[in-house]
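Heads up: the structure comes next, in C-alpha cells.
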Amino acid sequence: MGELQAKGFWYSEWAFPLFVACLASGIFAGTHLYYVYHVGAFNDIAIVAMLEAGIKGGGYGAAAAFGASFLFARILEGPLVGILDIGGSLQTGIGIGVPALMLGAGFTAPLTSFPLALATGALLGFIIGTVIILIRKYTINASNSTFGADVMMGAGNAAGRYLGPLIIISAIMASIPVGLGATVGAAIFYYYNKPIAGGAIIGAMLLGAIFPIPTQ
C-alpha cells in the first residue's frame with residue numbers, strides 16, 4: 001500500500017510545477033487586484049509599499065530589485081533543501097518583484113486584466129517549479145553530496161531562537177502589558193521546550209488585544 005502511494009500523483013516530482021503554478025497564479029492575480037483596486041496583494045505591508053511607491057511615480061527599482069533577488073535566491077535554495085519558501089519566492093518574487101519589473105518596462109496588460117494575470121502567474125509558477133525540479137534532478141539526486149543543504153535548513157531555525165529576547169524587549173518598550181504578555185508567553189514556550197519567539201509573539205498579541213496601544 002505504501003509503495004503504491006509513493007508512486008501516486010501526490011508523490012510525483014512533476015506534480016510540483018502544477019502546484020507552484022496554481023499558487024503563483026493566485027498570488028499574481030492578487031497583485032492585479034491591488035494594482036487595479038488597491039486591495040488584495042498577498043504580501044507584507046512594507047513590501048507592498050515598495051510597489052505602491054512605484055505606482056505613485058516613485059519608481060519600481062526598489063520593488064523590482066528586492067522581489068527579484070528574493071525570487072532568484074529561493075529558486076537556488078529550493079532544489080538544495082527540498083523546500084520552496086512560498087513567502088520569499090512566490091509572494092515576494094512573483095507577487096512584487098516580477099510585476100515591478102513588468103510595470104517598469106511598460107508592460108501593464110498582465111496587471112490590468114484578471115484572466116491575463118491568472119495565466120501569467122500560472123506560466124511563471126510552472127517555469128519556476130520546472131526549473132527547481134530540473135536543478136534538483138541533476139544535483140542532489142545525481143550526487144552523494146548535500147551541497148550544504150543540511151546546513152541551510154538548520155540555519156534559519158537556529159537563528160530564529162535568538163529572536164525571542166529581542167521580541168520581548170521590543171514588546172516591553174511598546175507597553176508594559178504587552179511586554180508582560182510577551183514574557184509570559186516566552187516562559188510558557190520555554191517550559192515546553194518550544195521556540196520562545198513564538199510564545200513571545202502570541203503573548204504580546206493577546207495582551208495587546210486586551211490593552212491596545214494608543215495611536216500617536
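Because the structure is predicted, anything quoted here is derived from the model rather than measured.
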What closest approach, in Å, do [X] and [Y] show between heavy atoms, and which atom pair accounts for it?
| X | Y | value |
| --- | --- | --- |
| Glu52 | Tyr34 | OE1-OH, 2.7 Å |
| Phe28 | Ile94 | CD1-O, 3.5 Å |
| Ala171 | Ala182 | CB-CB, 3.7 Å |
| Leu71 | Gly93 | CB-CA, 3.7 Å |
| Ala117 | Ala29 | CB-CA, 4.1 Å |
| Val20 | Gly125 | CG1-O, 3.2 Å |

Within a strict 4.5 Å, meaning less than it, do heavy atoms of the [X] and [Y] side chains meet?
| X | Y | result |
| --- | --- | --- |
| Ile210 | Pro177 | no |
| Val178 | Phe211 | no |
| Tyr60 | Leu51 | yes |

Can you tell me how far the [atom1] atom of [X] sits from the [atom2] atom of [Y], to the nearest 0.5 Å?
| X | Y | atom1 | atom2 | answer |
| --- | --- | --- | --- | --- |
| Ile96 | Phe42 | CD1 | CZ | 11.5 Å |
| Asn43 | Thr92 | CG | OG1 | 4.0 Å |
| Ile132 | Glu13 | CD1 | CD | 12.0 Å |
| Ile133 | Ser12 | CD1 | OG | 9.0 Å |

Quick check: is [Y] connected to [X] through a chain of hydrophobic side chains (ILVMFWY, heavy atoms under 4.5 Å apart)?
| X | Y | answer |
| --- | --- | --- |
| Phe107 | Leu111 | yes |
| Ile188 | Ile172 | no |
| Val48 | Leu33 | yes |
| Leu116 | Tyr37 | no |
| Ile47 | Ile55 | yes |

Going by the rule side chain to side chain contact (heavy atoms under 4.5 Å, CB included), which residues pair with Ile127 if we only count those two or more places apart in sequence or in a different chain?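 Residues passing side chain to side chain contact (heavy atoms under 4.5 Å, CB included) with Ile127: Leu123, Val131.
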Taking only residues two or more places apart in sequence or in another chain, which ones pass side chain to side chain contact (heavy atoms under 4.5 Å, CB included) with Ala186?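 Expected list: Ile168, Ile196, Ala200.
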Step by step, work out the side-chain contact (heavy atoms from CB on, under 4.5 Å) result for Phe189 and Ile202. CA-CA 10 Å; Phe189 271 52; Ile202 293 174; 3.9 Å; yes
Any pair counted as ring-ring contact (aromatic ring centres under 6.0 Å, His included), so long as it reaches residues 110-132, sequence neighbours left out: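 Pairs touching residues 110-132 that pass the test: His32-Phe114.
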Within 6.0 angstrom of Phe19 CZ, more than 12 heavy atoms from elsewhere: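 Yes, because the 6.0 Å sphere around CZ of Phe19 holds more than 12 heavy atoms from other groups.
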side-chain hydrogen bond (donor to acceptor under 3.5 Å, both in side chains): pairs with one or both residues in residues 104-133, sequence neighbours excluded: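 Qualifying pairs: none.
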Thr31 (side chain) donor-acceptor with Gly95 (main chain) under 3.5 angstrom: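 It does hold such a pair.
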So, does Thr183 use its side chain to make a donor-acceptor pair with the main chain of Gly179 at under 3.5 Å?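 Here the side-chain-to-backbone pair exists.
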How is the hydrophobic cluster of Ile176 composed, in terms of its other members, when Ile, Leu, Val, Met, Phe, Trp and Tyr link through side-chain heavy atoms under 4.5 Å apart, directly or indirectly?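 Leu180, which link up through side-chain heavy atoms under 4.5 Å apart, make up the rest of the cluster.
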Test side chain to side chain donor-acceptor pair (under 3.5 Å) applied to Tyr35 - qualifying residues, sequence neighbours left out: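 Here no residue qualifies.
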